[in-house]
A.B. asks: 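For reference, the structure I am asking about is given below.
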Amino acid sequence: MDITTILFYLVTTVIILSSVSMIIVNNTVHAALLLVLIFFNSAILWLMLQAEFLSIILVLVYVGAVLVLFLFVVMLLDLPKKQKANQKLYLLFSIITSVVMFIELYIVIFYQDFSNSLIAIPLPESNNTYEIGLMLFTDYVFSFEVTAFILLVAIIAAIAINISDKQKALRQDPGKQVLENKSDRLKIIKDDDL
Amino acid sequence: MIINNITMSIMYFIPEIFLFIMSMVILLSGIFQISKNYIFHLTLISIISALIMSYNYQVSDSLILFGSSIIKNSTTEFFEYICYIIFLIQIIISKDYLKNRNLLSGEFYSLLILALLGCFIIISSNNLIILFLGIELSSLSLYSLIALNRYSVISSEAAIKYFVLSIIASAIMLFGFSYLYGITNTLVISDIVSFSYSNNSSNLYLLSYVLIFIGIAFKFAVAPFHMWLPDVYEGSPLPVTNFISSIPKIAFFVIVFRFLDDNSIIANENFSKLLLFLGVFSIIVGNLFALVQKKIMRMLAYSGIANSGFIFLAFFSATNHNFSVAGFYVLSYSITIVSAISIITFLSSQKFDLVYINDFKGFSAKSGYLSFLIMITLLSTAGIPLTIGFYAKYLVLDALVNKDLVFVAVIVVLMTVIGLYYYLRVIWFMFFETNYNSLLNISGKFSIFVLSIIPALILIIFLLPDNILKYIFYILT
């Protein structure tokens with residue numbers, strides 16, 4: 001066993017353990033910090049595949065931007081602690097389902113011969129970042145543009161759901177008060193209308 | 001013909017690009033508060049002009065654009081036209097409904113057009129990445145459209161449920177895609193389909209297909225994956241329900257066709273058993289649960305689950321790669337459900353929401369013509385002769401009997417007969433009860449004309465179903 005194999009198993013063990021504990025843990029801040037751990041370890045996995053640009057982007061974007069924002073939201077919302085009641089039944093079912101699924105996948109994947117799908121990664125002529133940029137804007141330009149659409153939809157949705165068209169705070173508008181007249185407020189209903 | 005040049009590819013992709021630009025224009029035009037109607041007219045004009053454009057840019061043979069990302073041929077164009085027409089009907093009917101609920105805004109129509117665009121990308125995708133992005137584009141727009149009605153608790157609940165469950169389904173589907181890429185070493189769907197697997201790789205190929213079909217079954221709302229559908233139907237604004245019930249189903253039919261056509265996996269015993277089980281289970285669950293519903297939209301949701309089961313049975317029985325039965329079923333069900341939900345949208349155009357089935361009581365005394373239209377659509381969903389729904393169900397049952405599955409066919413027929421009860425109950429309420437609800441809206445001559453198009457089609461196609469079936473067969477081969 002050489003050093004990279006040991007490192008791979010170490011990193012993947014940390015990823016699996018921290019993913020499981022992120023779901024189980026009760027404190028939201030702890031969960032977010034465990035997510036940081038997962039991202040760092042995934043970045044190490046990318047580095048071992050010689051994709052240094054992607055690993056740095058993962059750390060910068062997810063840990064640097066997304067998770068910091070997430071931690072701010074958690075702090076500002078001041079969420080109440082999760083209720084522990086009534087979870088045992090769900091836990092039992094989820095453990096049974098996941099064990100069955102794990103065994104199935106393990107059996108299928110363990111006997112799979114991946115040898116014909118192994119291809120040597122062509123070494124980039126210039127640097128990694130340049131090659132990724134070239135691929136994104138030539139072969140995968142349409143996927144790139146559709147991804148931009150999806151981000152746009154997310155922005156539109158976030159703003160449209162949160163925009164407030166109603167004046168929530170109660171305040172007086174003198175202009176409206178002056179213009180108000182009797183017929184707006186009072187309506188006389190006679191008996192034979194009913 | 002493969003076109004790798006980006007500028008040349010754009011030339012063949014103009015209708016979709018136009019739709020995208022118009023969705024942005026509509027979004028921005030919401031800033032000006034002149035009157036709400038002009039947003040609606042702008043949407044109508046842009047959809048009609050996109051339809052005309054895609055008719056003008058019709059391709060003669062199969063085109064592959066943007067470096068194997070997008071495929072354009074007569075199949076994709078036929079289904080896109082159907083989507084355009086259904087979308088037009090939905091938009092025209094829903095105008096007053098949206099206006100009276102303060103939902104008629106630039107962002108609503110813009111998100112609706114983006115959801116339509118996502119469905120078009122699904123229909124014409126030739127690549128697993130594009131397929132996944134198309135699914136995400138359409139469903140992300142739909143989550144936010146449901147949540148736009150944010151003063152309603154029930155809408156927020158529906159949006160959250162749809163969001164969480166749909167994301168799990170997408171993750172499972174993506175898991176299947178990743179294994180498929182691992183085995184076949186390609187992202188192009190036609191190469192994946194024609195991949196000749198050796199014995200020891202067939203298991204993983206099968207597993208990844210099962211994972212993908214779990215995702216597709218979720219989108220069709222087939223029985224074990226149907227939990228989201230009744231809540232979404234009940235909670236979302238009716239025009240959005242109208243969209244969810246029809247257009248994504250057509251798009252996913254095209255994807256299933258693309259994945260299973262010319263693929264030996266459909267003859268695989270285990271895989272076809274999965275389709276059969278999902279179909280039968282879904283028909284049983286859908287029909288039995290619909291019996292006890294008190295709300296009309298929940299009832300239609302469970303009837304939709306039962307009909308999705310029929311679609312899966314049609315996939316199962318597509319021997320010799322003949323998907324025309326499934327295509328006919330999807331088209332007939334989509335136009336029928338669009339007609340039903342459009343009529344309900346029209347009836348609740350004023351402030352009153354038609355929620356309970358009881359609200360139909362004595363409706364024929366108020367408007368005999370509209371209750372006749374409702375009757376035709378419901379009978380078509382149930383599968384009674386003289387409607388297109390009967391012929392579609394007959395084709396599926398015929399294919400099942402041809403496969404020597406008489407027992408399954410008997411179960412399916414029994415469940416359909418049980419299902420008749422809840423359709424006939426609505427018709428009974430309309431024609432044989434008194435005390436009509438005076439809050440239902442029946443005014444609007446143009447809308448009534450538009451509403452009568454689909455019931456007329458339902459009756460006409462029953463007279464000449466073979467021509468339509470032959471045309472779909474021709475389109476799909």
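Every chain is numbered from 1 and lettered A, B, ... according to where its sequence line falls, protein lines coming before strand lines.
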A.B. asks: How about CE on B/Met11, more than 12 heavy atoms from neighbouring residues, nucleotides or ligands closer than 6.0 Å, or not?
C.D. replies: no
A.B. asks: Between B/Phe66 and A/Tyr140, is the ring-ring contact (aromatic ring centres under 6.0 Å, His included) condition met? List the steps.
C.D. replies: CA-CA 8 Å; B/Phe66 295 111; A/Tyr140 294 98; over 10 Å; no
A.B. asks: Testing the basics here: between B/Leu133 and A/Ser143, what is the closest heavy-atom pair and its distance to 0.1 Å?
C.D. replies: CD1-O, 3.4 Å
A.B. asks: Look at atom CD of B/Glu269 and say whether more than 12 heavy atoms of other residues, nucleotides or ligands are closer to it than 6.0 Å.
C.D. replies: no
A.B. asks: Counting only non-hydrogen atoms closer than 4.5 Å, does B/Tyr179 touch chain A with its backbone (N, CA, C, O), its side chain (CB onward), both, or neither?
C.D. replies: side chain
A.B. asks: Counting only non-hydrogen atoms closer than 4.5 Å, does B/Leu145 touch chain A with its backbone (N, CA, C, O), its side chain (CB onward), both, or neither?
C.D. replies: neither
A.B. asks: Quick check for you: among A/Thr138, A/Ile109, A/Asp139, which has the greatest number of heavy-atom pairs under 4.5 Å with chain B?
C.D. replies: A/Ile109
A.B. asks: Flag yes if more than 12 heavy atoms outside B/Tyr12 fall under 6.0 Å of its OH atom; otherwise flag no.
C.D. replies: no
A.B. asks: Let me know if B/Phe132 has heavy atoms under 4.5 Å from chain A in its side chain, its backbone, both or neither.
C.D. replies: neither
A.B. asks: Which answer fits A/Phe144, side chain, backbone, both or neither, if we ask what part of it has an atom under 4.5 Å from a heavy atom of chain B?
C.D. replies: neither
A.B. asks: With a 4.5 angstrom heavy-atom cut-off, is it the side chain or the backbone of B/Ser110 that approaches chain A, or both, or neither?
C.D. replies: side chain
A.B. asks: Heavy-atom cut-off 4.5 Å, strictly under: side chain, backbone, both or neither for B/Ser141 against chain A?
C.D. replies: both
A.B. asks: Quick check on B/Phe13: does its CZ atom have over 12 non-hydrogen neighbours (other residues, nucleotides or ligands) under 6.0 Å away?
C.D. replies: yes
A.B. asks: With only heavy atoms counted, which part of A/Ile156 is less than 4.5 Å from chain B, the side chain, the backbone, both or neither?
C.D. replies: side chain
A.B. asks: Where does B/Leu65 contact chain A at under 4.5 Å (heavy atoms): side chain, backbone, both or neither?
C.D. replies: neither
A.B. asks: Of the options B/Ser9, B/Ser125, B/Ser68, B/Ser69, which is the one that meets A/Phe142 in a side chain to side chain contact (heavy atoms under 4.5 Å, CB included)?
C.D. replies: B/Ser69
A.B. asks: Counting only heavy atoms not in A/Ile3 (residues, nucleotides, ligands), do more than 12 fall under 6.0 Å from its CD1?
C.D. replies: no
A.B. asks: Within this structure, what is the CD1-OH distance for the pair A/Ile161 and B/Tyr143, rounded to the nearest 0.5 Å?
C.D. replies: 12.5 Å
A.B. asks: Counting only non-hydrogen atoms closer than 4.5 Å, does B/Leu207 touch chain A with its backbone (N, CA, C, O), its side chain (CB onward), both, or neither?
C.D. replies: side chain
A.B. asks: Between atom CZ of A/Phe149 and atom CD of B/Glu136, what is the distance when rounded to the nearest 0.5 Å?
C.D. replies: 15.5 Å
A.B. asks: Is B/Phe20 atom CZ crowded by more than 12 heavy atoms from other residues, nucleotides or ligands, each under 6.0 Å away?
C.D. replies: yes
A.B. asks: Can you say whether A/Ala154 sits under 4.5 Å from chain B via the side chain, the backbone, both, or neither, judging by heavy atoms?
C.D. replies: both
A.B. asks: Taking side chain as everything from C-beta outward and backbone as N, CA, C, O, which of these in B/Ile146 sits under 4.5 Å from a heavy atom of chain A? Side chain, backbone, both or neither.
C.D. replies: neither
A.B. asks: Would you mind checking which part of B/Leu140 comes under 4.5 Å of any heavy atom in chain A, side chain (CB onward), backbone (N, CA, C, O), both or neither?
C.D. replies: both
A.B. asks: How many angstroms lie between CG in A/Leu152 and CG in B/Leu27, if you round to the nearest 0.5 Å?
C.D. replies: 7.5 Å
A.B. asks: Quick check for you: to the nearest 0.5 Å, what is the distance between A/Glu145 atom CD and B/Ile10 atom CD1?
C.D. replies: 8.5 Å
